[in-house]
Amino acid sequence: MSKFLVLAAVALSIAGCTSSGPKNPSVSPANASIPFSEFGRIYDWRADGRTGIFMESEDRKWYHATFIAPCENLPFTEHVGFRTTPPLPIDKFDSIEVRGENCYFNSLEQVPGPPGPAPKPAKP
């Protein structure tokens, strides 16, 4: 066996042993999806400032999506449009539309419940 092949085999075996990836790659909290969303099964939503949105599915599970870039119009709107390709569920590859602005998701994960109440402003 050539010296090069032996070194390559050793390098590959070492790389495989030092992998720092997830132990179970099929389970990732940032890869959630909301099924049947094309049928209007989003029960509620709440803005997370300009950085994300909380969504409640019809079965009362909460999800949090973060955006690739700030969604400037989200804090000032009462309506959002969910942009997905039916019949696929909403996932991290989708977006919302807010006053003509498309806000693309960076991640989508299931969360234990809705966001807490907004903090009260400090008194001067």
Side-chain angles (χ1 to χ4, degrees):
M1 188 180 249
S2 76
K3 196 178 203 183
F4 174 74
L5 290 177
V6 171
L7 290 175
V10 170
L12 286 175
S13 65
I14 291 172
C17 291
T18 61
S19 173
S20 62
K23 293 184 181 192
N24 188 353
S26 65
V27 178
S28 175
N31 289 330
S33 64
I34 305 173
F36 306 111
S37 55
E38 70 273 16
F39 299 114
R41 301 227 169 131
I42 301 295
Y43 183 75
D44 192 12
W45 65 270
R46 297 181 192 174
D48 184 12
R50 291 179 172 92
T51 61
I53 185 171
F54 287 92
M55 298 169 281
E56 183 182 16
S57 63
E58 187 179 53
D59 60 357
R60 305 293 193 244
K61 292 180 182 174
W62 282 91
Y63 298 85
H64 182 249
T66 59
F67 302 122
I68 292 174
C71 188
E72 297 299 329
N73 291 318
L74 186 59
F76 310 106
T77 192
E78 295 178 2
H79 305 282
V80 298
F82 293 94
R83 315 268 287 153
T84 185
T85 307
L88 300 175
I90 290 179
D91 59 22
K92 70 176 187 175
F93 300 106
D94 293 318
S95 65
I96 61 169
E97 182 179 351
V98 182
R99 296 183 178 184
E101 176 186 15
N102 284 323
C103 303
Y104 294 93
F105 296 164
N106 184 46
S107 67
L108 177 66
E109 63 183 331
Q110 188 173 346
V111 292
K120 294 180 182 179
K123 293 183 180 180

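Along the sequence shown, the residues carry numbers beginning at 1.
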Would you give the length of the straight line joining atom [atom1] of [X] to atom [atom2] of [Y], rounded to the nearest 0.5 angstrom?
X: Glu109; Y: Lys92; atom1: CD; atom2: NZ; value: 11.5 Å
X: Asp44; Y: Met55; atom1: CG; atom2: CE; value: 11.5 Å
X: Asn73; Y: Ile96; atom1: CG; atom2: CD1; value: 10.0 Å
X: Leu108; Y: His64; atom1: CG; atom2: NE2; value: 9.5 Å
X: Cys71; Y: Ile53; atom1: SG; atom2: CD1; value: 8.0 Å

Glu97: partners by side-chain hydrogen bond (donor to acceptor under 3.5 Å, both in side chains), with sequence neighbours left out: none
Counterpart residues, side-chain hydrogen bond (donor to acceptor under 3.5 Å, both in side chains), relative to Thr66 (two or more places apart): Ser107
So, do [X] and [Y] sit near enough that their side-chain heavy atoms are less than 4.5 Å apart?
X: Val98; Y: Phe76; answer: no
X: Phe67; Y: Asn106; answer: no
X: Leu74; Y: Trp45; answer: yes

Nearest non-hydrogen partners of Arg50 and Pro75, listed with the distance: CG-CG, 3.7 Å
Ring geometry between Phe54 and Trp62 (parallel below 30°, tilted from 30 to 60°, perpendicular above 60°): perpendicular
Arg60 charged N/C atom sitting above Tyr43 aromatic ring, 6.0 Å / 45°: yes
Sequence-distant partners of Asp94, side chain to side chain contact (heavy atoms under 4.5 Å, CB included), two or more places apart: Thr84, Ile90, Asp91, Phe105
